[in-house]
Amino acid sequence: MKQLFILIIILAISGCTPLAKMMIGYKKPAILSNEEIIDWAGHCKLSKYPVYSLDSSYSTYLKSVYVTNHSYNRKNLNQFIMLMYFKNDSLVSLINNCMVPGFPNLQWNKYGSFDSLPPKTLYADTLFNKIRLSELNKCLIPIERPIRLNNTGEFLVLFANHVFKRQSKRIIKLIKKKYASPTLPLVIINNDNFLFQYQQKTW
């Protein structure tokens, strides 16, 4: 009986289940004003980085790239926290919250993903190689210090939020430690408003 109870607990907190979200610091999505996003960025020590908000058109963009029978791809590109590495407009690496283990905090570098550049991904590139930075840029609303997201450079693009503020702050700290470089821009996309609008449809 004890072994069965332990198994049930493990299953409950593993993966992207509602219970797992709550236990690792999940907060109910809410609409944030530009000022609130700026305040969130300050608390996450992002005062030097370009900050954007994710528009609802991102969902439409994913659907245009991946048709219905590729819903798995859309799900993995539509998670709460995601780190994308773009080179010459192409997405060449993807890390998201469903890729790493950890309780009560996600172990972002469990598999050494942040020990190389581009960051190591566990997904096949066929899952994300159709995504273009130039198209993603059309889904972004500038909040603070926007930069030119051209199609000839390298960019780290982090989707983060207040919904999982603790986990967001932990990956931000790790990214800054591993990839601190003036030649590799870190772009922050706050997706709180997007999550509020699409939480019922997506999760």
For Tyr52 and Asn137, run side-chain hydrogen bond (donor to acceptor under 3.5 Å, both in side chains): C-alpha distance rounded to whole Å, both residues' side-chain angles, the deciding distance at 0.1 Å, then the answer.
CA-CA 10 Å; Tyr52 296 81; Asn137 188 31; 5.2 Å; no

Determine, stepwise, if the pair Asn151 / Asn88 fulfils side-chain hydrogen bond (donor to acceptor under 3.5 Å, both in side chains).
CA-CA 5 Å; Asn151 57 8; Asn88 297 332; over 6 Å; no

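Looking at heavy atoms from C-beta onward, Leu174 lies in side-chain contact with Lys178 at the 4.5 angstrom threshold. Inter-residue side-chain proximity for Leu83 and Leu94 is flagged as unmet; no heavy-atom pair is nearer than 4.5 Å. For the pair Phe196 and Asp192, the minimum side-chain heavy-atom distance is 4.5 Å or more. For the pair Ser57 and Lys138, the minimum side-chain heavy-atom distance is 4.5 Å or more.
Using a 4.0 Å cut-off between a side-chain N of Lys or Arg and a carboxylate O of Asp or Glu, Lys120 and Asp115 do not qualify as a salt bridge.
A distance of 9.0 Å separates CD in Glu36 from CG in Asn193, rounded to the nearest 0.5 Å. Going from atom CG of Leu122 over to atom OG of Ser93 covers 9.5 Å, rounded to the nearest 0.5 Å.
When ring centroids are compared, Phe80 and Phe164 come within the 6.0 Å threshold.
Here the closest non-hydrogen pair linking Met99 and Tyr111 is O-CE1, 3.7 Å.
With hydrogens and angles left out, the side-chain atoms of Asn161 and Asn190 include no donor and acceptor closer than 3.5 Å. No side-chain donor from either of Asn191 and Tyr58 sits under 3.5 Å from a side-chain acceptor of the other. Judged purely by distance below 3.5 Å, without hydrogens or angles, the side chains of Asn105 and Gln167 pair a donor atom with an acceptor atom.
Put simply, the residue from Leu184, Ile188, Val187 that forms a side chain to side chain contact (heavy atoms under 4.5 Å, CB included) with Leu156 is Leu184. The only option from Val157, Leu91, Asn150 that meets the side chain to side chain contact (heavy atoms under 4.5 Å, CB included) definition with Leu133 turns out to be Val157.
With Gln79 contributing its side chain and Lys75 its backbone, the two residues share a donor-acceptor pair below 3.5 Å. Between the Asn34 side chain and the Ile143 main chain, no donor and acceptor come within less than 3.5 Å of each other. At distances below 3.5 Å, at least one donor-acceptor pair connects side-chain atoms of Asn73 with backbone N or O atoms of Leu127. No donor-acceptor pair closer than 3.5 Å links the side chain of Arg145 to the backbone N or O of Pro142.
Residue pairs satisfying the salt bridge (charged side-chain N to carboxylate O under 4.0 Å, His left out) criterion with at least one member in residues 80-107, sequence neighbours excluded, are absent.
With sequence neighbours left out, the salt bridge (Lys or Arg N to Asp or Glu O under 4.0 Å) criterion links Glu154 to no other residue.
In the displayed structure, Lys110 atom NZ is contacted under 6.0 Å by at most 12 heavy atoms of other residues, nucleotides or ligands.
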